[in-house]
Amino acid sequence: MGFPQGFLWGAATAAYQIEGAAQEDGRAPSIWDTFSHTPGKVLDGDTGDVATDHYHRWPEDIATMAALGIGAYRFSISWSRVLPDGTPNRKGLDFYSRLVDELLRHGIAPVATLYHWDLPQHLEDAGGWPERDTARRFADYAERVGRVLGDRVHTWTTLNEPWCSAFLGYASGVHAPGRTDPAAALAAAHHLNLAHGLAVRALRGVSAPSARHSVTLNLHHVRGDAEAVRRVDAVANRVFLDPMLGHGYPADLLDDTASVTDWGFVRDGDAEIIAAPLDVLGVNYYSPTLVRDWDGVSPRAHADGHRQGAASPFVGCDRVEFAEQPGPYTAMGWPIDATGMEELLLRLHREYPHTPLMVTENGAAFDDEVADGRVRDDRRIAYLRDHIAAVERACEAGADVRGYFAWSLLDNFEWAYGYSKRFGLVRVDYTTGKRTWKDSAHWYRDTIAERRGSP
């Protein structure tokens, strides 16, 4: 058995994807409220106004977690709910305080993510992540939430997938706020890095000494032509990994993007702030990426796993194309390849050997069907089984992996895909809110019990 003692088994969600109650108890609009209510931005005009109604059904959902036997729950906090206008909203803070208390009552460690893409709209109106002041506002938000929950949160995660926030939100425009400005995307990436460092500092001042501090990155496991791999790795991975882990921005990234920006938004002292010490690095993995050099003439392949927007999210990669990969595929069109998980974790172990790792998201969407009240999702079970085995192999090879979180606990609002893609272990009827365990939920429960019972 390759999993270390104390390995955390969990499940994950995000606030805008499950909470609903978009206009209740003082919550203000976020960029995803605005984006989803803009015609043509989200499939079928879906919004997160109700989502899975977790805001009202959270006791039931925590009971589900307890029945699954998970040891940790990774959730996100809605900035718009707790600081709707820059001042604390007691009703919003109380919601998360009750949630954390109930998790602890069931023996489930709270893993709180401060930012899962839902910037308050008033901050976007002031310029959003391309503006330095947003990082300062984030640090203030982190400190205020930390003062309320810091005595009980097991692990703080500052940002979830800042690459998506910066490059899907400000370069390709397929995520909120829907802007297509590559220079703004690079500025946003830097200010997200800065926000992370400032938040870690703020949280360490108000949290329990035992609390862990982390960030979660959706690292692209890139294969293919060497030069294409290098370029994509720079703007998809090392733009966050290197500064956060104390190495500053890679010289090749600055060279690749010199025609886009002079990086003048980076100030003296930023590198030290961004490199605030981490207790664990969160890793989200779903599938590998295959790239090759583009000849500039033939039709360019765009199989990068993201919705195609007006521009590419991979700034500085104009001579790179993203090749189709062999199947099988998930309902997202993503190739299923668990070897990428193992290879990615071992790469991180080699290149950043002193940084513990945690798989904070891994899962698959399939076109689940209900028959006789049951969801027989054998393909999801196979996906999870193979990827958990890949994590175990990485542990056996020396990678310091501390936990695994399945994405997702519940079917939910899948961003620009609306409610058309189901990732959950638990099926949600979006009309009635009814929860139904899929076969994968029963399998995950049994797997956790078996692992815990092993020597």
Side-chain angles (χ1 to χ4, degrees), residues 161-164 166-168 171-172 174-175 182 185 217-242 250 252-253 256-257 283-351 359 361-366 379-380 382-384 386-387 389-391 393-394 399 407 414-417 421 423:
E161 300 186 349
W163 184 86
C164 294
F167 295 99
L168 298 183
S172 69
V174 298
H175 276 196
L217 305 179
N218 59 313
L219 298 170
H220 296 64
H221 183 60
V222 192
R223 299 164 171 163
D225 295 343
E227 175 60 11
V229 168
R230 183 201 62 74
R231 282 182 174 270
V232 171
D233 186 60
V235 78
N237 297 330
R238 289 181 284 124
V239 65
F240 297 107
L241 275 173
D242 281 8
D252 62 328
L253 170 68
D256 291 346
T257 58
V283 179
N284 291 357
Y285 173 87
Y286 292 92
S287 63
T289 301
L290 179 62
V291 299
R292 62 191 176 211
D293 301 326
W294 180 48
D295 60 16
V297 178
S298 59
R300 190 177 180 190
H302 293 279
D304 61 8
H306 307 290
R307 292 187 76 184
Q308 191 170 343
S312 170
F314 295 93
V315 179
C317 298
D318 296 340
R319 298 305 296 266
V320 174
E321 64 176 350
F322 294 79
E324 293 281 353
Q325 299 179 66
Y329 306 98
T330 70
M332 296 290 289
W334 298 343
I336 300 172
D337 185 346
T339 64
M341 169 77 88
E342 180 182 1
E343 292 167 4
L344 175 60
L345 293 173
L346 289 176
R347 172 205 169 170
L348 294 169
H349 172 63
R350 287 193 307 271
E351 297 182 7
V359 177
E361 285 184 28
N362 178 239
F366 291 105
R379 289 181 295 171
R380 182 174 291 107
Y383 180 100
L384 294 171
D386 292 349
H387 284 76
V391 177
R393 291 194 301 272
W407 183 271
E414 186 48 41
W415 306 112
Y417 294 94
K421 308 298 182 186
F423 277 87

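A donor-acceptor distance shorter than 3.5 angstrom exists from the side chain of K421 to the backbone of A331, with no hydrogens or angles considered. Judged by distance alone, with hydrogens and angles left aside, the side-chain atoms of N237 form a donor-acceptor pair with the main-chain N or O of H220 at under 3.5 Å. Between the side chain of R380 and the backbone N or O of A364 there is at least one donor-acceptor pair closer than 3.5 Å. W334 contributes a side-chain N or O that, together with a main-chain N or O of G305, makes up a donor-acceptor pair within less than 3.5 Å. Looking only at distances, no side-chain donor or acceptor of Y285 sits under 3.5 Å from a matching main-chain atom of E342.
Atom CD of E227 has more than 12 heavy atoms from other residues, nucleotides or ligands within 6.0 Å.
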Assess the residue pair L348 and L219 against the criterion (side chain to side chain contact (heavy atoms under 4.5 Å, CB included)); give the C-alpha distance rounded to whole Å, side-chain angles, the decisive distance to 0.1 Å, and a yes or no. CA-CA 10 Å; L348 294 169; L219 298 170; 3.7 Å; yes
Assess the residue pair V235 and F167 against the criterion (side chain to side chain contact (heavy atoms under 4.5 Å, CB included)); give the C-alpha distance rounded to whole Å, side-chain angles, the decisive distance to 0.1 Å, and a yes or no.
CA-CA 9 Å; V235 78; F167 295 99; 3.9 Å; yes
- request: Any chance you could lay out the side chain to side chain contact (heavy atoms under 4.5 Å, CB included) test for T330 and F366, step after step, and finish with the verdict?
  value: CA-CA 6 Å; T330 70; F366 291 105; 4.2 Å; yes
### Task
Carefully, step by step, assess V291 and D225 under the rule side chain to side chain contact (heavy atoms under 4.5 Å, CB included).
CA-CA 6 Å; V291 299; D225 295 343; 5.9 Å; no
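With D337 as the fixed residue, the side chain to side chain donor-acceptor pair (under 3.5 Å) test singles out one of H221, R223, H387: R223.
R231 forms no cation-pi arrangement with F314, by the criterion of a distance under 6.0 Å to the ring centre and an angle within 45° of the ring axis.
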